[in-house]
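Nothing here was measured: the structure is a model prediction, and the numbers come from that model. Chain naming here is simple, since letters A, B, ... match the order of the sequence lines and numbering starts at 1 in each.
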Protein chains: 2
Amino acid sequence: MEKESRKIMHGVECCDIEEVHADKVQMVSEQMPPEDRLYDLAELFKAFGDTTRIRILFALFEAEICVCDLAASLGMTQSAISHQLRLLKQARLVSGRREGKQIVYFLADDHVRTIIQQGMDHIME
Amino acid sequence: MEKESRKIMHGVECCDIEEVHADKVQMVSEQMPPEDRLYDLAELFKAFGDTTRIRILFALFEAEICVCDLAASLGMTQSAISHQLRLLKQARLVSGRREGKQIVYFLADDHVRTIIQQGMDHIME
DNA sequence: CAAACATATGAATAAATGCTCATATGATAA
DNA sequence: TTATCATATGAGCATTTATTCATATGTTTG
């Protein structure tokens, strides 16, 4: 996922109506959340922005599942699943606990279901 | 944003417990939404997965704004904003209407606010 | 009409991403 | 302990992505 350290934007050359709509420009910058919050938000949604990760999350809607069964369920390699689980853990969307030889993954909290449900509502119009 | 036409996965070599947890594997595939729905969902969340687009959405929380004012507000070029607006339109998160020389953008519906609010709740723990 | 303005878009580029392969880590079983 | 199993991870590659620059489209004004 993007590291988002893109070089700071320059060249704010634009049309001449800045003064006309200065009120809006002002209001926007007043209400804009701080940079690190915006960054965290974007990172969170990036975690949902891939079909493999979405499938993993749907799988975990049903049950707690080990890496190996996830790989089998989704028809992908253990390595691919494991890499994606790392990203989902970083976004705190899933957690895992060891059970003997295996590590069982589960949804970290209820926001995951809510966000996906809202997304579903949106694409279903 | 990813075209997501990645070659179909192969090599389902995995551990030997597939049979052990066959019930889970089965349940997962029964409940998994169809491929095109998963794709649309991932594409939707990708649209939220970039700080520039998140900033545009926050800006539009406050008011309907033309491209030029958006560029001024965010300190970015008109071109960069316009490219991102195209993606947001494709995801049906924003719409625009012409008003004289300008095109004024606004949030397409209320899911946008809800989804971002849920995301905020999640990162705020 | 032409000139000026606001927005859109194509090409190019640097950076990020997802998968594969090989290998490492860490737990259990013999 | 050593062997085996389940998971994690680093490197490499092909693809995707966000921005810039230059230019095109479309509207209004003179």
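As rounded to whole Å, 13 Å separates atom C1' of D:dT7 from atom CD1 of A:I56. Taking atom NZ of A:K46 as the reference point, atom C1' of C:dA15 lies 11 Å away to the nearest angstrom. As rounded to whole Å, 11 Å separates atom P of C:dG18 from atom CD of A:Q90. Following rounding to the nearest Å, B:F48 (CZ) and D:dA18 (P) show an atom-to-atom distance of 14 Å. Rounded to an integer number of Å, the gap from CD of A:E43 to P of D:dA18 is 12 Å. Rounded to whole Å, atom C1' of C:dA15 lies 13 Å from atom CG of B:D50. In this structure, B:I54 places its CD1 atom 15 Å from C1' of D:dA18, rounding to the nearest Å. Rounded to an integer number of Å, the gap from CG of B:L74 to P of D:dT19 is 10 Å.
For the pair A:R53 and C:dG18, the criterion of a side-chain N or O lying under 4.0 Å from OP1 or OP2 is met. At the phosphate of D:dA18, neither OP1 nor OP2 sits under 4.0 Å from any side-chain N or O atom of B:T52. Phosphate contact (OP1/OP2 of D:dT19, side-chain N/O of B:Q84, threshold under 4.0 Å): present.
Comparing A:E99 and A:I81 along DNA chain C, the residue whose closest nucleotide (by nearest heavy atom) sits nearer the 5' end is A:I81.
For A:E99, the salt bridge (charged side-chain N to carboxylate O under 4.0 Å, His left out) partners are A:R97, not counting sequence neighbours. Residues that satisfy the side chain to side chain donor-acceptor pair (under 3.5 Å) test with A:K101, not counting sequence neighbours, are absent from this structure. The side chain to side chain donor-acceptor pair (under 3.5 Å) test applied to A:Q84 returns A:R53, not counting sequence neighbours. Partners of A:R92 under the salt bridge (charged side-chain N to carboxylate O under 4.0 Å, His left out) rule, at least two apart in sequence or in another chain, are B:E125. Annotation: side chain to side chain donor-acceptor pair (under 3.5 Å) contacts of A:D121 (sequence neighbours excluded): A:Q117.
A:G100 comes within 4.0 angstrom of the backbone, heavy atoms only, and of no base.
Nearest nucleotide to the A:K101 side chain, out of C:dT28, C:dT20, D:dT27: C:dT28. Side chain of B:Q102, nearest nucleotide from C:dA6, D:dT19, C:dG18: C:dA6.
Between B:D50 and B:T52 the shortest heavy-atom distance is OD2-N, 2.9 Å.
In this structure, the side chain of B:S73 engages the main chain of B:D69 through a donor-acceptor pair within 3.5 Å.
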Write out a two-atom table: protein N or O, nucleotide N or O from nucleotides 8-10 of chain C, distance below 3.5 Å.
residue, atom, partner, partner atom, Å
C:dA8, OP1, B:Y105, OH, 2.5
C:dA8, OP2, B:S82, OG, 2.9
C:dA8, N7, B:Q78, NE2, 2.9
C:dA8, N6, B:Q78, OE1, 3.4
C:dT9, O4, B:S79, OG, 2.8
C:dG10, O6, B:H83, NE2, 2.8

